[in-house]
*Asks:* 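Below you will find the structure I want to go over with you.
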Amino acid sequence: MYIHRLLEGVTVKMADKKETKAYKPVWIMVAFLVLVIINFIPAPDELSVVGLRALSVLAFAVIMWVTEAVKYPVSAVMIVGLLIILLGLSPVPANEIGATLGVPDGTDQFGTKEALSLAFSGFSSSALALVAAALFLASAMQITNLHKRLALYVLRIVGNKTNAIVLGTILVSILLAFFVPSATARAGAVIPILIGMVAAFGMSKDSRLATLLIITAVQAVSIWNVGIKTAAAQNLVAVGFINEAMGEDVSWIQWFIYAAPFSIIMSILLYFVMTRFFKSETDEISGGRELIDKELAELGPIKGVEWRLISIASLLLVFWATEGILHPFDSSSVTLIALALMLSPKVGVFTWKEVEGTINWGTIIVFAIGISLGTVLLRTGAAQWLSDVTFGAMGLDAFPLVGVIALVSIFNILIHLGFASATSLASALIPVFIALTTTLNMGDSSLGFVLVQQFVICFGFLLPVSAPQNMLAYGTGTFTVNDLLKSGIFLTVGGYILIIILSATYWQWIGLL
């Protein structure tokens, strides 16, 4: 019960922090001022008026996202309103942009009806269906406590040695990444257990042991956001844009083949960084196994609902992994079918009443509007113009592909410092990276380049504000910003070097680049 009370305390603490940051009128005014200024600037020759207005909304969105001036769902609704007004009243160019937007010849103005349809285009994306269904799956794990049971079993197996528990923490994060498509939910399953083990040994939350275990848990979650397509919402944002703009589908198993080697190597690096540079006060937690046995006893034997969830989740994983190989169903369709089974009477695992209070519906709204904004940038030519201006000035066309990946990845890592949401970052950057592949005529390497940059977008190693799971862990009071930064620098530098090495070797060997 101690662990449950602890997690509740962390949740309340994080909620209080969010409330104090929920309203920042100065940044709201700055965002609107920038929006107005951009709209009064004459559109460059290479950019249409509708494209300029799309960029003004992007600038507004970035300021709101970076500063968290309002909550993300609120900013999403504001973005929709601005898209409808600014695009709806825009003149439409009589060229390929007008054709891409689907505006008939001779139309002078885009129109609010058409702008409304474009602003809500993200809600018709198959990627959104997958995210929504994945949130239900994560909710099922939380309602049944199956994710906690899995974590306890793994930690019980590895034993009481501190280094073994570090390894077990990484293994738990890997295992849950296959079945729990929510980084925050995975962190929320493991962190309270680890703090309970620290407490059982009679040590405080600010001990070096607690720092070691909690940072290991949260960094492992971020590492495996890269390795598995369904582990993080930002991956699905990227896949949605890739499908929309490039006509390419990236199956679950393809993503795993491309990205899992990166996450495996990074997991090994994480183990050595944490055990070498975050020495614990003790080499063994003598009361750890007893605590885990007590927690498992409180959970009781595996219930029928858990067996049903295990069966559904296992089948879902099999269908994800064999997409396009043994069956014609895509990931989104399979996940929605699994959701229907989970909600079915008798054979399901929860009722609608049970699940509706556990789903963060704002996440779905933010995700959909993020896709809509990216779609607007692509269809209005704004992403292409932004890519030409931003990266064209760097002279990237003179660099080999690996050099381009190295330079753009640095840009990607630096800009991530300002974003608390990788989903929002993917919504802003992936359309620009897709446009860059056209600017540089990357040809067959285009898909690989965009995917590699998406892997970099998943880097959330440096700061508590770099990812929601980091904020959840930081709320426990077990580590300082400098502690996370210390481990994050090693992982970010190591991940960056590994990205370059894999770009020059493995990803070329398997035909991704």
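What you see is a predicted model; the values in this text were computed from it and never measured.
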*Asks:* Hey, does the side chain of R186 reach the backbone of A231 with a donor-acceptor pair shorter than 3.5 angstrom?
*Replies:* yes
*Asks:* Side chains of W224 and S267: donor-acceptor distance under 3.5 Å anywhere?
*Replies:*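 Per modelled atom types, W224 and S267 side chains form a pair under 3.5 Å.
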*Asks:* Ignoring hydrogens and angles, state whether a donor on the side chain of Q254 or S251 is under 3.5 Å from an acceptor on the partner side chain.
*Replies:*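 Yes.
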*Asks:* Does a donor on one side chain sit under 3.5 Å from an acceptor on the other, for T375 and E244?
*Replies:* no
*Asks:* Report yes or no: do N243 and E248 form a side-chain donor-acceptor pair below 3.5 Å?
*Replies:*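 E248 and N243 do not have a side-chain donor-acceptor pair below 3.5 Å.
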*Asks:* Would you say L83 and L118 make side-chain contact, with heavy atoms under 4.5 Å?
*Replies:*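 A side-chain contact under 4.5 Å is absent here.
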*Asks:* So, N225 versus S222: side-chain donor-acceptor pair below 3.5 Å or not?
*Replies:* no
*Asks:* Check for a donor-acceptor pair, side chain of S48 on one end and backbone N or O of G51 on the other, with a separation under 3.5 Å.
*Replies:* yes
*Asks:* How far apart are the C-alpha atoms of L176 and V190, what are their side-chain angles, what is the distance that settles it, and do they pass the side-chain contact (heavy atoms from CB on, under 4.5 Å) test?
*Replies:* CA-CA 10 Å; L176 293 180; V190 181; 3.9 Å; yes
*Asks:* Check whether any side-chain heavy atom of T144 sits under 4.5 Å from a side-chain heavy atom of F350, and report yes or no.
*Replies:*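 T144 does not reach F350 side chain to side chain.
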*Asks:* More than 12 foreign heavy atoms under 6.0 Å from CZ of F329: is that the case here?
*Replies:*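 For F329, atom CZ is not crowded (no more than 12 foreign heavy atoms under 6.0 Å).
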*Asks:* How about W507 and F449: are their ring centres within less than 6.0 Å of each other?
*Replies:*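 Between F449 and W507, which both carry aromatic rings, the centre distance is not below 6.0 Å.
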*Asks:* Are side-chain heavy atoms of I242 and V450 found at a separation under 4.5 Å?
*Replies:* yes
*Asks:* May I ask you to decide if F319's main-chain N or O and H327's side chain share a donor-acceptor pair within less than 3.5 Å?
*Replies:*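 Yes, because the side chain of H327 sits within donor-acceptor range (under 3.5 Å) of the backbone of F319.
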*Asks:* Using 0.5 Å steps for rounding, measure from the CG atom of L343 to the CD atom of E354.
*Replies:* 10.0 Å
*Asks:* Should we count CH2 of W307 as having more than 12 external heavy atoms under 6.0 Å?
*Replies:*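 For W307, atom CH2 is not crowded (no more than 12 foreign heavy atoms under 6.0 Å).
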*Asks:* Donor-acceptor pair, distance only, cut-off 3.5 Å: does the side chain of S173 make one with the backbone of T169?
*Replies:*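 At least one qualifying donor-acceptor pair exists.
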*Asks:* Under a 3.5 Å threshold, yes or no: a donor from one side chain and an acceptor from the other, between W252 and T322?
*Replies:*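 W252 vs T322: no donor-acceptor pair found between side chains.
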*Asks:* Would you call the rings of F479 and Y474 parallel, tilted or perpendicular, taking 30° and 60° as the class edges?
*Replies:* tilted
